[in-house]
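A short write-up of the structure that comes next.
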2 protein chains.
Amino acid sequence: MTKLTGPSGSGSVALSDLVCFDLYSAARAIIRAYRPILSGLGLTYPQYLVMVMLWQHAPRTVKDLGDNLDLDSGTLSPLLKRLEVSGLVTRRRRADDERTVEITPTSKGRSLERDAKRVPLEMATVMGISETEERKLRALLRKLSASLATQVDDVATRVA
Amino acid sequence: MTKLTGPSGSGSVALSDLVCFDLYSAARAIIRAYRPILSGLGLTYPQYLVMVMLWQHAPRTVKDLGDNLDLDSGTLSPLLKRLEVSGLVTRRRRADDERTVEITPTSKGRSLERDAKRVPLEMATVMGISETEERKLRALLRKLSASLATQVDDVATRVA
DNA sequence: TCATAATATATTGTGCACAACTAAATAAGT
DNA sequence: ACTTATTTAGTTGTGCACAATATATTATGA
């Protein structure tokens, strides 16, 4: 699995391409690793992220979830509907501002937190890298995301 | 953007969850960064990966592409059809083994390589981390992917 | 040889991601 | 007040990912 090997055939592949491919590949690999653990809870990975947010505090608006998870309404709206169908959350327009929709976990949604407690531990064992390495990895990923975000902002500013 | 902050509200979020979220988030951010660059070539990021493979050498079978990019036929078959519709590749069953399908870039597909030469450079400038950091990041990602892959194999073995 | 297994690709169905657009409600400026 | 802009969600359409299944072809073993 997972090649895109460096200099081999005619043209060599540039480092930036390789970093991106490894990132793309690792992200899919880790979500794949979560899948069997989360399927026991009846959740996909993005759904799990939303529930983690709601376990931290609730209710939260769709916009709040989107800001924190970096997902737009095109992704969240149907996802939240599926969580509603699963009986894990309720969606209700706020009385004092009819634009916003508040997402609240149901008792079933809240009780799921207990079962979810074991998820991080199982993931930690499966990842097979040390805590120090995890922290280094996080630091690099966050630095990368930060500079990519400023680039997007630059483009947005250039247009405005 | 991009929170899932650590210890804040009631329950703190475990490190493994944070690593995974940062990975998930960074992977989307970098593909988002590729998008405007690749759209000039008429390619999505997975399509670009396939073309990079074909520029290295061709023809390649669907299986070969899948092994190297870690994608299955459910992803590749429609993707390759779209590349065929775009006039960038041809698909042809091999005479000596009717099971396999060979993917060959057309002259249009091959000539696209020149325009694509600038992609890695543009990405490198946008990423905003040093080559040393890129290499460290790659090393960590590959180590993570490797241990996740062995875990998947373990499960497969347990089933067999 | 002939049944069986293994291999390679395609298809179907579900669930993200995200761009582009719409609709409704609130905020701001005059 | 009233027009205009902004904010918030939702909808539509495209393109991955991937599980599950189907189909056809080749390889293998009794």
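Sequence lines set the chain letters: A, B, ... in the order given, protein chains first and strands last, and positions in each chain run from 1.
Between B:Arg28 and C:dC18 there is a side-chain N or O to OP1 or OP2 distance below 4.0 Å. Between B:Thr44 and the phosphate of D:dC16, there is a side-chain N or O to OP1/OP2 separation shorter than 4.0 Å. One finds no side-chain N or O of B:Arg32 lying less than 4.0 angstrom from the OP1 or OP2 phosphate oxygen of C:dA17. Applying the 4.0 Å criterion to OP1 and OP2 of C:dT11, one finds that B:Lys81 has a side-chain N or O inside that range.
Following rounding to the nearest Å, A:Leu38 (CG) and C:dC16 (P) show an atom-to-atom distance of 11 Å. The CG atom of A:Asp72 sits 15 Å away from the P atom of C:dC21 (whole-angstrom rounding). In this structure, A:Arg35 places its CZ atom 8 Å from C1' of D:dA19, rounding to the nearest Å. Look at CG on B:Leu83: it is 12 Å from C1' on D:dC16, rounded to the nearest Å. Remark: C1' of D:dC16 and CD1 of B:Ile31 are 9 Å apart, rounded to the nearest angstrom. In this entry the distance linking CG of B:Leu43 with C1' of D:dT14 reads 15 Å, nearest Å. Remark: C1' of D:dT26 and CZ of B:Arg93 are 13 Å apart, rounded to the nearest angstrom. The nearest whole Å value for the distance from the CZ atom in B:Arg60 to the P atom in C:dA8 is 15 Å.
Comparing A:Glu102 and B:Ala95 by the nucleotide of DNA chain D whose heavy atom lies nearest to each, the residue mapping closer to the 5' end is A:Glu102. Residues A:Pro78 and A:Arg94 each lie close to DNA chain C; by heavy-atom proximity, the contact nearer the 5' end of the strand is made by A:Pro78. Along DNA chain C, the nucleotide nearest B:Leu76 and the nucleotide nearest A:Arg82 are compared for position; the residue whose nucleotide lies closer to the 5' end is B:Leu76. Position along DNA chain D of the nearest nucleotide to B:Ser73 versus A:Arg91 favours A:Arg91 as the more 5'-ward residue.
Counting only distance, with no hydrogens or angles, the side chain of B:Thr61 and the backbone of B:Val101 share no donor-acceptor pair below 3.5 Å. Between the B:Ser145 side chain and the B:Arg142 main chain, no donor and acceptor come within less than 3.5 Å of each other.
Out of D:dA17, D:dG10, C:dC18, the shortest distance to the side chain of B:Thr75 is found at D:dA17. Taking every side-chain heavy atom of B:Pro46 into account, D:dA17 is the closest of D:dA17, D:dA19, C:dA8. Of the candidates D:dA17, D:dA9, D:dT7, D:dT7 carries the atom nearest the A:Arg99 side chain, counting heavy atoms from C-beta on. Candidate nucleotides D:dA19, C:dA8, D:dA9 were compared by shortest atom distance to the side chain of B:Thr100, and C:dA8 ranks first. Listed nucleotides: C:dC18, D:dG15, D:dA17. Nearest to the side chain of A:Tyr24: D:dA17.
Look at B:Glu98 and B:Arg93 and you find no salt bridge, because none of the NZ, NE, NH1 or NH2 atoms lies under 4.0 Å from a carboxylate O. Ion pairing of A:Glu134 with A:Arg138 is absent here, as no side-chain N (NZ or NE/NH1/NH2) approaches a carboxylate O to less than 4.0 Å.
Among the heavy atoms of the strands lying under 4.0 Å from A:Leu79 are primed sugar atoms or P, OP1, OP2 only; no base atom is included.
Between B:Tyr24 and A:Tyr45, the angle of the ring planes goes over 60°, which puts this pair in the perpendicular group of the 30/60° scheme. In this pair, A:Trp55 and A:Tyr48 present their aromatic rings perpendicular. The plane angle is above 60°, beyond the 30 to 60° band.
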